[in-house]
Each structure stands twice: as C-alpha cells, then as structure tokens.
2 protein chains.
Amino acid sequence: MNLKQLSEHLKLSQTTVSRALNGYPEVSEATRQRVLKAAQDLNYRPNTRAKGLATGRSMAIGHVIPVSTQHEMVNPVFGDFIAGAGEIYSREGYDMVLSLIADRDEASAYQDIRSRGMVDGIIVHGPVINDVRIAMLSRIGLPFVVHGRSTDVNLPYSWVDVNNRGAFERGTQFLIELGHRRIGLLNGLEHMDYAFRRRSGYERALAAQGLAPDPALMRSAEMTEIYGYRAAREMLMLGDAPTAFLCSSIITAIGVRRAVHEAGLTLARDVSVITFDDELSYLQNGDDVPIFTALRSSVRQAGRQAADMLLSLIARPKDAPGSQLLEADLIIGRSTGPAPR
Amino acid sequence: MNLKQLSEHLKLSQTTVSRALNGYPEVSEATRQRVLKAAQDLNYRPNTRAKGLATGRSMAIGHVIPVSTQHEMVNPVFGDFIAGAGEIYSREGYDMVLSLIADRDEASAYQDIRSRGMVDGIIVHGPVINDVRIAMLSRIGLPFVVHGRSTDVNLPYSWVDVNNRGAFERGTQFLIELGHRRIGLLNGLEHMDYAFRRRSGYERALAAQGLAPDPALMRSAEMTEIYGYRAAREMLMLGDAPTAFLCSSIITAIGVRRAVHEAGLTLARDVSVITFDDELSYLQNGDDVPIFTALRSSVRQAGRQAADMLLSLIARPKDAPGSQLLEADLIIGRSTGPAPR
DNA sequence: CGGGTTTTCCAAAGCGCTTTGAAAGAGGTT
DNA sequence: AACCTCTTTCAAAGCGCTTTGGAAAACCCG
C-alpha cells in the first residue's frame with residue numbers, strides 16, 4: 001500500500017492525501033478525517049526512504065561506536081546509554097542506526113555517513129583526548145553531540161558529560177578524610193578523555209593534601225572484572241599496600257572485591273573501595289544500602305539528555321552548541337571505612 | 001556531490017557512471033577506471049536513500065529490542081551480540097538499525113518496519129514461549145532470524161540458539177555426580193524461552209537421578225547481581241540449604257558469590273556454583289583457570305552466525321529456513337567441588 | 001567495403017514521497 | 001449577476017539513484 005494506491009482508493013490526489021496525513025492546514029477537517037481513517041484501515045505507512053529523499057531528512061540518528069582493533073570490547077555502558085537515548089528517539093519518531101567502525105578507517109567513515117545521508121545527526125561515543133573526530137564533524141557540517149568531552153579540542157561543540165574530575169577528586173578526598181594515605185587508582189584506558197579527567201581529579205585531591213601520587217598504585221586498562229582483580233591482587237602484595245581503591249567501574253570494583261576476599265581481607269574494615277557507578281541496569285549497586293560507596297551518575301539519563309540535545313540541534317542548526325555537565329553523587333555504601341592502623 | 005554532478009564532471013551519462021561504479025560489465029575497463037578515480041577524488045558516495053528507493057533494498061538490518069514496560073532492563077548480552085553481528089554487516093556493507101519497541105505495541109511495530117521499508121530483514125531478540133512475533137513476521141514476509149527459539153511455535157523459521165536444555169542438564173548432572181543433592185536454580189525470567197529450556201534441562205537431570213525438584217530452590221527473575229545475591233542468601237538460610245547453585249548468568253553468579261562470602265562460606269568447598277557464561281567481553285570468566293565452572297558459549301559468535309544466516313536468507317529468500325544449534329562447553333573452574341557432608 | 005556482431009554509451013522512466021504553483025469551487029459583497 | 005476572496009483540491013516537478021530499451025560506435029570478416 002503506497003500513497004498512490006491510497007489516493008486512488010480515496011479518489012483524491014496524492015497531494016491532498018499527503019497533506020492530510022502530515023497535518024497541513026490547507027485541507028478540510030472532513031477530508032482529513034476521511035483520509036486518516038482510510039490510512040488506518042488500509043494499514044498505510046509512508047515509505048521511509050521515499051520520504052527521506054523528498055524531505056532531505058532521514059529521521060534517524062547515527063551512533064558511531066569505535067571498535068578498536070586490539071581491544072575489541074563492547075563498552076558495557078553502551079547498552080544503557082542507548083536505552084536512554086532510544087526513549088527520546090522513539091518518542092520523537094526517530095530511528096537509531098548503529099555503525100561499528102574500526103578505528104583505522106574512522107576518517108572516511110564520517111564522510112561516508114554524511115554523504116550517504118542515512119542519518120540527520122550523530123552521537124559520538126568514547127571521545128579521546130584531542131579527538132580528531134570533532135574537528136572532522138564540524139567541518140563536514142553534520143549535527144553531532146559528544147557523549148563525553150575532549151580535552152585540548154578548542155572548537156565549540158555540543159556535549160553531555162559527567163563531571164569526572166570533580167567526582168574523582170571528591171572520592172579521593174573522601175578516602176583521605178577517612179585516614180587513607182595509600183590509595184590505588186584503577187582507571188580506564190587513559191587515552192580516553194574521561195579516564196584522563198578522572199586521574200587528574202585523583203591527583204588533584206592527593207596534591208591538595210600534600211600527598212605524592214605513586215605510579216605503583218596507578219593502573220589504567222579496560223575496565224573488566226579481571227583487570228580489577230589482578231591489579232588489586234598485585235597491589236595488595238606490595239610492601240606498603242594501599243588501604244583503599246578508587247575504581248572507574250563497578251565491574252572493576254567487583255574484581256577488586258574478589259581479590260580482597262581472596263587475600264583474606266574484609267571490605268571496609270581492611271580495605272576500602274570507592275567506585276564510579278553508571279547505574280547499569282543489571283549491575284545495580286545494592287538496593288537499600290549500596291554495596292560499594294560510589295560516585296553515581298546514571299548513564300541512561302546521559303543518553304536521554306544527549307538525544308534531546310541532538311534533536312534540538314537538528315531542529316535549529318543555527319543554535320550555538322550546548323553542553324551539559326552532570327554531577328555524580330557520592331553515595332555511601334558498605335565498602336568504605338576508616339583506614340586501618 | 002551527487003551522481004549527476006559526477007557524471008557531468010566526467011562528461012558521461014549517469015547511466016554509465018552508475019554502471020561503472022556498480023561493476024556492471026557493459027562499460028569498458030578504461031572508463032571504469034576513470035570513473036572510479038574521479039569518484040575517489042571527489043569523495044563521491046551514493047545517497048543511501050535514493051539507492052534504496054531505486055533498488056528496493058535498503059542495505060540495513062533491523063534489530064528489534066523489546067523494551068518491557070515493567071522490566072526496563074537492557075540485556076547485558078545484547079552488546080556483545082550486536083558486536084558479533086556488526087562484524088558481518090560491515091563486511092557486507094549493511095547498516096544496523098535498532099528499534100526499541102515497547103512490548104505493548106509490538107503488533108503494529110513489525111508491520112510498520114515492513115511497510116516503512118527501512119530494513120531488508122530483522123533479527124528478533126528475546127523470544128518467549130509461543131512467541132506471536134514469529135507468526136506475524138512470517139505472514140508479513142520480511143526475512144528474519146530469531147536469536148533463540150520459541151517453544152510451541154510450529155511454523156518453520158530461521159534461528160540461532162544455544163542448546164540451553166542440554167547445557168543445564170549437563171551442568172546439573174555434573175553437580176549431582178559431585179554428590180550434590182540440593183541444587184538451587186537461579187534462572188532468568190521463565191516466560192523467556194531460553195529460561196524455560198534451561199529449567200527443563202535442570203529438571204530432566206534431577207529426574208534422571210530420581211531427585212524431585214524443590215520449588216523452594218528454584219527462582220526466576222531478571223539476571224541481575226542483586227537477584228543472585230538475594231536468592232542465594234535466602235536459600236542458604238534454609239534449614240536444608242542447597243550445597244550448589246546453577247546460575248543463568250555470570251552476573252547472577254557474582255551475586256551468589258557475594259552471598260556465599262557474606263555467609264562465611266567458601267566457594268567450591270562449602271558451596272558449588274555453575275553458571276552459564278556468554279563470554280561477555282567485560283566479564284571474562286578468569287583467564288587461565290576460570291573463576292566459575294561454567295557452561296560456555298560465545299554470544300558474540302551467535303551474533304555472527306545469526307547475521308550470516310539472515311544475509312543469506314535475504315540473498316535467497318526462497319531458501320528453506322535454516323537453524324543452528326550451538327553447544328555450550330562445560331568448563332571446569334574454581335567454583336565447584338564435591339558436596340560437603 | 002558493406003553487413004553483421006559486439007562493445008560502449010545514453011535518454012528516459014520509475015522508485016514513493018513532498019511541495020510548488022495554479023485551478024476549481026464555495027461563499028460573500030455590491 | 002458579476003466580482004472578489006477564501007478554501008479546497010490537483011497536476012507536475014523534483015529528491016538521487018537504478019535500469020530498460022535503444023542507438024551509436026567500433027570491430028570483424030568475407
């Protein structure tokens with residue numbers, strides 16, 4: 001069933017039917033109702049491609065996931081982010097298209113996306129420090145919103161990010177106030193912008209108390225469970241082992257917990273752990289009392305806000321880029337306590 | 001840059017340029033090279049929508065994620081599945097479009113997808129027992145592959161699934177052979193087909209040894225960490241507590257481990273745990289020696305196979321539906337041991 | 001060199017929609 | 001009744017590509 005058939009069936013022109021369907025005023029209410037009814041009955045849906053061709057808009061948003069060739073991990077945060085974004089898209093009638101692109105041919109990939117015209121805008125995931133994609137996309141002129149930010153990029157661009165530096169500064173400071181002096185940092189990959197910021201927050205808090213960061217207590221890797229486990233185990237075997245850990249992900253924190261238990265130690269009493277908590281739906285951090293003391297910020301909410309921002313950017317391309325800095329809450333759970341003596 | 005401009009620039013007709021670009025034989029090698037070179041230099045990319053309109057194919061695959069209104073969780077398995085499928089798609093030049101659809105308007109949603117013509121085929125996620133979507137899609141005539149199967153659906157359809165029943169039967173049997181008699185089942189939601197099959201495998205193994213399933217030891221819920229924790233904690237407080245658990249997800253198993261530790265017990269020695277392991281990239285089950293004894297099957301691989309199957313179904317729609325049953329390996333880790341006496 | 005074959009290229013139609021510019025119809029005014 | 005103004009409807013062009021049905025050019029061979 002297409003427009004032509006529908007209009008023939010109604011004995012109206014395609015123009016009128018199209019207008020009736022799209023809510024234009026120059027069609028009488030009576031015929032509009034008649035058209036709507038027929039469309040409903042005959043199960044008519046306009047063809048997306050044809051509509052896109054005619055209007056120049058595709059009603060779809062692209063999400064570009066960089067798939068690193070060496071670390072071919074899917075960021076666990078991703079699922080919840082797009083769930084959030086998807087809520088907004090479906091409300092506004094947008095589709096979501098995913099492009100997994102290998103990092104080596106990113107350069108052409110964005111050009112491609114632009115000229116192939118599949119999407120009206122894109123969300124950029126996983127920005128690194130000084131991310132070239134931002135300049136590239138600005139030049140290309142495709143509306144985009146970055147989930148995160150990119151240090152050293154001085155162009156204006158739209159982003160939604162959590163205050164990573166502030167959060168880790170606060171977490172570190174909280175541990176210091178509990179008397180901890182040796183604090184392990186189990187960070188994500190530090191070429192990623194968020195991880196870079198987290199480390200700088202950690203270092204700032206240490207510096208504020210006159211503590212020197214110890215490279216032996218600072219790790220950076222993909223945030224898997226096993227990374228948390230290994231790093232914590234190794235650090236706990238040091239002569240001057242840390243009494244606390246700051247983790248970039250609840251998954252890593254779970255690995256830390258495993259190492260702590262295996263070493264015969266008890267969380268909070270012997271070793272404190274604070275983790276960043278993205279509020280992943282399948283890894284809730286406890287219910288009434290959180291398992292881990294955490295810096296909490298909902299990635300699903302970030303998805304919603306990024307989507308919202310992108311859609312309004314598409315609606316009003318002349319607007320100045322917006323930005324949104326989300327604060328992470330420090331929530332006290334059962335994994336922190338005063339430093340042992 | 002569009003075809004018209006490119007052809008004018010080359011002083012050729014659009015036809016010839018199009019043919020040269022798409023590898024048709026009726027164009028001389030010399031002009032083909034010339035066209036290819038110009039396209040490259042001028043950064044020409046055919047417009048997807050226009051191409052789709054003209055060819056009737058959209059070169060995109062839809063993934064429909066049912067977003068339950070009450071349990072609005074994103075299945076953690078999803079990320080790795082699409083990573084696998086995405087590999088195939090990008091190799092074959094397909095895009096991936098995600099539709100999160102609320103379960104209440106599923107009926108119309110598939111019709112929509114079909115008539116809006118955004119995709120050439122779809123992957124159906126999360127089939128339940130007697131899933132109505134299968135009949136619906138068959139009727140609509142849109143190629144599809146189900147990730148999983150649906151008990152009680154008697155139509156032929158294409159699917160890729162892991163042998164859930166066999167896996168859980170084997171896991172249960174393994175525990176029984178270790179001397180366990182009270183075995184807790186921490187299953188996923190049992191209206192989901194995979195969970196239903198897992199339970200039936202569990203029950204079958206019990207029955208084979210003349211053991212009666214005890215409803216007090218069987219739970220069914222969304223596979224979160226906290227669910228594993230709570231369920232295990234409660235069962236461990238029973239008068240005749242289970243000495244082993246069978247978990248549907250490594251995430252749930254992590255919750256069980258937490259409950260076991262909290263109860264002052266030791267994994268393998270006091271309580272055994274076997275889990276299904278989808279080989280999630282951020283939750284590797286150990287490295288050399290697995291943490292958990294597990295039934296392992298890569299969901300990423302399943303994604304690849306489902307994508308492959310769908311693409312060939314699209315290429316040859318007349319083919320009979322195919323199917324692929326993946327076997328899960330039983331791998332021995334550090335979470336199982338002989339039943340304590 | 002003329003006729004047939006093959007190669008190379010092209011004009012135009014069509015995919016399903018929106019939208020412009022214009023015409024027809026209805027209603028009101030003098 | 002003639003004129004004007006809204007309202008309602010329409011025919012046709014256009015979005016960027018593919019593809020059909022030919023035509024022109026090149027080639028081959030007796």
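Hydrogens, waters and symmetry mates are skipped; everything else that's a heavy atom, side chains included, is used. Naming: A, B, ... by sequence-line order, numbering from 1 per chain.
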### Task
Grab the NZ-P distance between A/K11 and D/dC10 for me, whole Å please.
12 Å
### Query
In whole Å, what is the span from the CD atom of A/E26 to the C1' atom of C/dA24?
16 Å
### Query
Of all the nucleotides listed (D/dT19, D/dT9, D/dT18), which has the minimum atom distance to the side chain of B/R19?
D/dT19
### Minimum-distance nucleotide to A/A54 side chain [options: C/dC9, C/dT18, D/dT9]
C/dT18
### Query
Which part of the nucleic acid, if any, lies within contact of A/S18, taking any heavy atom under 4.0 Å across all strands shown: a base, the sugar-phosphate backbone alone, or nothing?
base
### Message
Nearest to the side chain of B/P46, heavy atoms from C-beta on, is which of D/dC17, C/dC17, D/dA11?
### Response
D/dC17
### Message
If you only use heavy atoms from C-beta on, which nucleotide in C/dT19, C/dT8, D/dT19 is closest to the side chain of A/T15?
### Response
C/dT19
### Query
In terms of the nearest nucleotide of DNA chain C, which residue is placed more toward the 5' end: B/E29 or A/N47?
B/E29
### Message
Does a side-chain N or O of A/T31 approach OP1 or OP2 of D/dT9 to a distance below 4.0 Å, or not?
### Response
yes
### Task
Mind calculating the distance between CD (B/Q33) and C1' (C/dT8) to the nearest angstrom?
16 Å
### Query
Is a donor on one side and an acceptor on the other found under 3.5 Å between the side chain of B/S58 and the backbone of B/M118?
yes
### Task
Measure from the side-chain N and O atoms of B/S7 to the backbone N and O of B/L3, and report whether any donor-acceptor pair falls under 3.5 Å.
yes
### Summary
Separation of D/dT8 atom P from A/Q14 atom CD, nearest Å, is 21 Å
### Query
Between D/dT19, C/dC10, C/dT8, which nucleotide gets closest to the side-chain atoms of B/L12?
C/dC10
### Message
For the backbone of B/R19 and the side chain of B/N22, can you confirm whether one donor and one acceptor N or O come within less than 3.5 Å of each other?
### Response
no
### Task
Compare the minimum distances between each of D/dC17, D/dG16, C/dT18 and the side chain of B/L3, then state the nucleotide with the smallest one.
D/dC17
### Task
Verify the ring-centre separation between A/H63 and A/Y89: is it less than 6.0 angstrom?
yes
### Atom pair distance, as rounded to whole Å: OH in A/Y24 and P in C/dT20
8 Å
### Query
Atom CD of A/Q5 and atom P of C/dG16: how far apart are they, to the nearest Å?
8 Å
### Query
Any side-chain donor paired with an acceptor under 3.5 Å for A/S150 and A/D193?
no
### Message
Using whole Å, what does the distance between atom P of nucleotide D/dC17 and atom NZ of A/K51 come to?
### Response
22 Å
### Message
Output the rounded distance in Å from CG (A/L6) to C1' (C/dC17).
### Response
12 Å
### Message
Is A/T55 close enough to D/dC15 that one of its side-chain N or O atoms is under 4.0 Å from OP1 or OP2 there?
### Response
no
### Query
Would you call the rings of B/Y157 and B/F144 parallel, tilted or perpendicular, where under 30° means parallel and over 60° means perpendicular?
parallel
### Task
Would you mind telling me which residue lines up with the more 5' stretch of DNA chain C, B/P25 or B/L53, judged by nearest nucleotide?
B/P25
### Query
Would you say a side-chain N or O of A/Y44 is under 4.0 Å from OP1 or OP2 of C/dG16?
no
### Query
Between D/dC10 and A/T16, is there an OP1 or OP2 to side-chain N/O distance shorter than 4.0 Å?
yes
### Among D/dG21, D/dC17, C/dC17, the one nearest B/N2 by side-chain distance
D/dC17
